[in-house]
There are 2 protein chains.
Amino acid sequence: MQDMFGRSSIGPSGEATLSEKSSRSDIVYRLLRQAILEQALRPGTKLAEDTIADHFKVSRTSVRAALVRLNAEGIVDLRANKGACVAEPTLEEARDIFALRRMLEAEVIRRLVADLDSADVKRLEQHVKQEEAALSDHGPLSIRLAGEFHILLAELTGSQALARFVREIVSRCSLILARFARLHSPECAVDEHVQIIRALQSRDTATAERIMLEHLHAVELRAELDIDKTEPDISAVLQRYARKG
Amino acid sequence: MQDMFGRSSIGPSGEATLSEKSSRSDIVYRLLRQAILEQALRPGTKLAEDTIADHFKVSRTSVRAALVRLNAEGIVDLRANKGACVAEPTLEEARDIFALRRMLEAEVIRRLVADLDSADVKRLEQHVKQEEAALSDHGPLSIRLAGEFHILLAELTGSQALARFVREIVSRCSLILARFARLHSPECAVDEHVQIIRALQSRDTATAERIMLEHLHAVELRAELDIDKTEPDISAVLQRYARKG
DNA sequence: ATCAACATGATTGTATACAATATTGACGAC
DNA sequence: GTCGTCAATATTGTATACAATCATGTTGAT
């Protein structure tokens with residue numbers, strides 16, 4: 001749910017500028033993005049322009065604009081004359097992205113420990129409450145809220161740039177989980193988020209940072225990146241089905 | 001100059017995917033981006049679709065796609081029904097971005113110290129040589145190469161994600177310099193880049209990191225962010241010209 | 001003269017039409 | 001029957017046409 005006004009205040013949306021545009025291409029952008037991040041559209045899914053345009057009752061023009069944006073964010077792959085697919089991060093990319101995420105979010109923690117006020121804590125606790133409420137349905141909402149907790153943390157630092165990068169990297173981690181994790185349960189345990197809030201309140205940088213890193217490690221474990229479940233390359237797969245077996 | 005082949009191998013371009021697309025919208029994207037980063041198009045400049053389309057002899061469609069991408073990178077501001085402008089980072093944003101840049105590039109240094117090989121050094125030295133050659137003309141090329149040195153460093157870490165973020169943040173720093181620095185001379189001194197290479201070769205993390213941070217600090221000083229030269233808000237300016245003076 | 005309402009032109013947002021490229025199935029040579 | 005070639009179809013890339021919104025200058029009432 002948004003706030004009581006129509007627009008999502010400072011909420012973790014994905015807009016590039018602050019102006020609350022709601023053109024058709026923006027609507028398509030937001031809906032596609034949400035569908036991908038909620039894992040309704042899995043990595044590799046073909047995103048045919050006509051199909052999407054027909055579904056949303058808009059022209060391909062608006063769809064294309066949305067796809068270009070999503071491609072710029074790295075959650076959609078766009079090959080020339082071949083159309084768009086939901087991005088499929090490789091295992092290597094996945095590890096790379098998680099490593100960078102740890103670095104970014106550690107920085108978030110360090111900054112928040114320095115100047116987190118009670119209003120911030122309140123917002124975080126409210127968010128966690130939402131997460132708990134959504135926990136029952138085991139559905140897309142739960143997945144999305146888990147990611148948005150981390151985005152909210154980044155936004156509370158007051159650094160637009162940092163928040164921007166965290167938003168992008170969290171999105172890509174969602175994709176990674178969608179691709180590799182066996183059960184697509186919420187990628188973050190709610191109680192781990194509670195722990196993070198507590199650690200921040202304690203103003204103990206080292207501890208808070210450690211808890212965040214443990215949390216991210218746990219998330220990464222859920223992705224089971226050690227197990228190679230990736231079978232993207234047809235020919236590699238078919239190696240095992242040799243001609244005259 | 002690129003490499004001996006047509007395409008820029010791993011060169012610091014800005015493509016979102018790896019495929020060497022050269023559609024019209026991509027051409028417009030690259031040229032606009034270059035023009036902005038070389039400070040030919042200064043912050044605040046209106047980017048009217050028709051004007052650009054006419055100039056490049058393409059349709060507005062291609063121009064719009066380019067503008068959407070540039071907006072996603074934070075180089076262009078896009079207000080609904082009002083068109084596009086070259087982004088104008090505020091002073092606050094500028095400091096924020098530089099702070100994040102220091103963090104990211106410190107990470108680059110730490111990673112490179114660990115596993116930089118001689119081939120990497122060679123590429124870096126080649127790049128610096130280009131910088132020196134371009135130094136004489138004091139022009140756009142020099143500005144661009146200075147930024148690309150940092151991008152090259154990030155790429156040599158082998159981390160696509162890190163390189164991506166560095167590329168984006170270096171771009172935005174170019175914008176900041178374009179907006180605030182008095183003389184738009186190359187923002188990085190070439191000899192400082194040489195020092196960085198030397199420090200990396202010494203395998204001394206602490207020193208290398210220190211030199212990089214000093215370098216970035218020097219760049220930030222050239223931006224003169226302490227001096228507020230920004231007069232964006234008309235009404236604020238006109239406060240000083242009261243009605244009945 | 002001042003200001004508001006309106007009309008005109010300019011610019012952006014969207015849809016449609018066309019061109020270029022890729023995909024797929026059919027046909028024919030061997 | 002297998003393979004290559006080509007035609008038919010589908011999908012993407014681009015241009016143009018139209019609709020919606022904004023900027024601006026004019027008119028007219030006060």
Side-chain angles (χ1 to χ4, degrees), chain A residues 6-7 15-32 41 44-72 76-87 234-235 238 241-245, chain B residues 7 15-32 41 44-72 75-87 232-235 238 242-244:
Chain A
R7 52 196 191 153
E15 64 258 33
T17 79
L18 6 97
S19 66
E20 189 67 26
K21 303 180 298 180
S22 69
S23 61
R24 302 193 182 186
S25 71
D26 284 308
I27 293 170
V28 175
Y29 163 79
R30 276 198 288 268
L31 291 176
L32 277 182
L41 294 171
T45 306
K46 180 73 195 294
L47 300 172
E49 298 176 2
D50 262 325
T51 309
I52 298 170
D54 291 351
H55 179 74
F56 288 130
K57 305 280 205 298
V58 299
S59 72
R60 277 179 52 217
T61 308
S62 309
V63 175
R64 277 183 77 83
L67 290 175
V68 168
R69 276 178 76 180
L70 292 168
N71 176 59
V76 157
D77 256 24
L78 217 51
R79 275 160 309 177
N81 295 318
K82 298 257 200 106
C85 293
V86 179
I234 304 281
S235 60
L238 297 186
Y241 297 81
R243 183 68 178 281
K244 54 183 201 59
Chain B
R7 52 195 192 156
E15 64 259 33
T17 79
L18 9 95
S19 67
E20 190 67 26
K21 303 182 297 181
S22 68
S23 60
R24 301 193 181 187
S25 70
D26 285 308
I27 293 170
V28 175
Y29 163 79
R30 276 199 288 268
L31 291 176
L32 276 182
L41 294 171
T45 306
K46 179 73 195 294
L47 300 173
E49 297 176 2
D50 262 324
T51 309
I52 298 170
D54 290 350
H55 180 73
F56 288 131
K57 305 281 205 300
V58 298
S59 72
R60 277 179 53 217
T61 308
S62 309
V63 175
R64 277 183 76 83
L67 291 176
V68 167
R69 275 178 76 179
L70 292 168
N71 176 59
I75 297 179
V76 157
D77 255 25
L78 218 51
R79 275 160 309 176
N81 295 317
K82 297 256 199 106
C85 293
V86 179
D233 190 7
I234 304 281
S235 61
L238 297 185
R243 183 68 178 280
K244 54 182 202 60

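Chain A is the first sequence line, chain B the second, and so forth, proteins listed ahead of strands; every chain is numbered from 1.
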* Sugar-phosphate only, base, or nothing, as touched by B/S62 at under 4.0 Å among non-hydrogen atoms ->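 The residue B/S62 makes sugar-phosphate contact but no base contact.
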* Looking for any heavy atom pair under 4.0 Å, which part of the strands does A/T61 touch: base, sugar-phosphate only, or nothing? ->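 Here A/T61 touches the bases of the nucleic acid.
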Is any side-chain N or O of [X] closer than 4.0 Å to OP1 or OP2 of [N]?
| X | N | result |
| --- | --- | --- |
| B/K46 | C/dA10 | no |
| B/K82 | D/dA23 | yes |
| B/K57 | D/dA15 | no |

Compare the minimum distances between each of [options] and the side chain of [X], then state the nucleotide with the smallest one.
| X | options | value |
| --- | --- | --- |
| B/V58 | D/dC22, D/dG13, D/dA15 | D/dA15 |
| B/N81 | C/dT23, C/dT12, C/dT21 | C/dT12 |
| B/S59 | C/dA15, D/dT16, C/dT21 | D/dT16 |
| B/A48 | D/dG13, C/dT12, D/dA15 | C/dT12 |
| A/R24 | C/dT14, D/dA15, C/dT23 | C/dT14 |
| B/R60 | D/dA17, C/dA22, D/dT14 | D/dA17 |

Roughly, in whole Å, what's the span from [atom1] in [X] to [atom2] in [N]?
| X | N | atom1 | atom2 | answer |
| --- | --- | --- | --- | --- |
| B/E49 | D/dC22 | CD | P | 15 Å |
| B/L47 | C/dA10 | CG | P | 20 Å |
| A/F56 | C/dT14 | CZ | P | 14 Å |
| B/R79 | D/dA23 | CZ | P | 9 Å |
| A/D54 | D/dA10 | CG | C1' | 13 Å |
| B/I52 | C/dT12 | CD1 | P | 9 Å |
| A/D50 | C/dA15 | CG | C1' | 13 Å |
| A/I27 | C/dG13 | CD1 | P | 14 Å |

* Pick out which of A/V76, A/V63, A/D77, A/L70 makes a side chain to side chain contact (heavy atoms under 4.5 Å, CB included) with A/L47. =>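 Answer to the side chain to side chain contact (heavy atoms under 4.5 Å, CB included) test with A/L47 among A/V76, A/V63, A/D77, A/L70: A/V76.
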Using 0.5 Å steps for rounding, measure from the [atom1] atom of [X] to the [atom2] atom of [Y].
| X | Y | atom1 | atom2 | result |
| --- | --- | --- | --- | --- |
| B/F56 | B/L31 | CZ | CG | 4.5 Å |
| B/R24 | B/K57 | CZ | NZ | 12.5 Å |
| B/L67 | B/L32 | CG | CG | 6.0 Å |
| B/L78 | A/D26 | CG | CG | 9.0 Å |

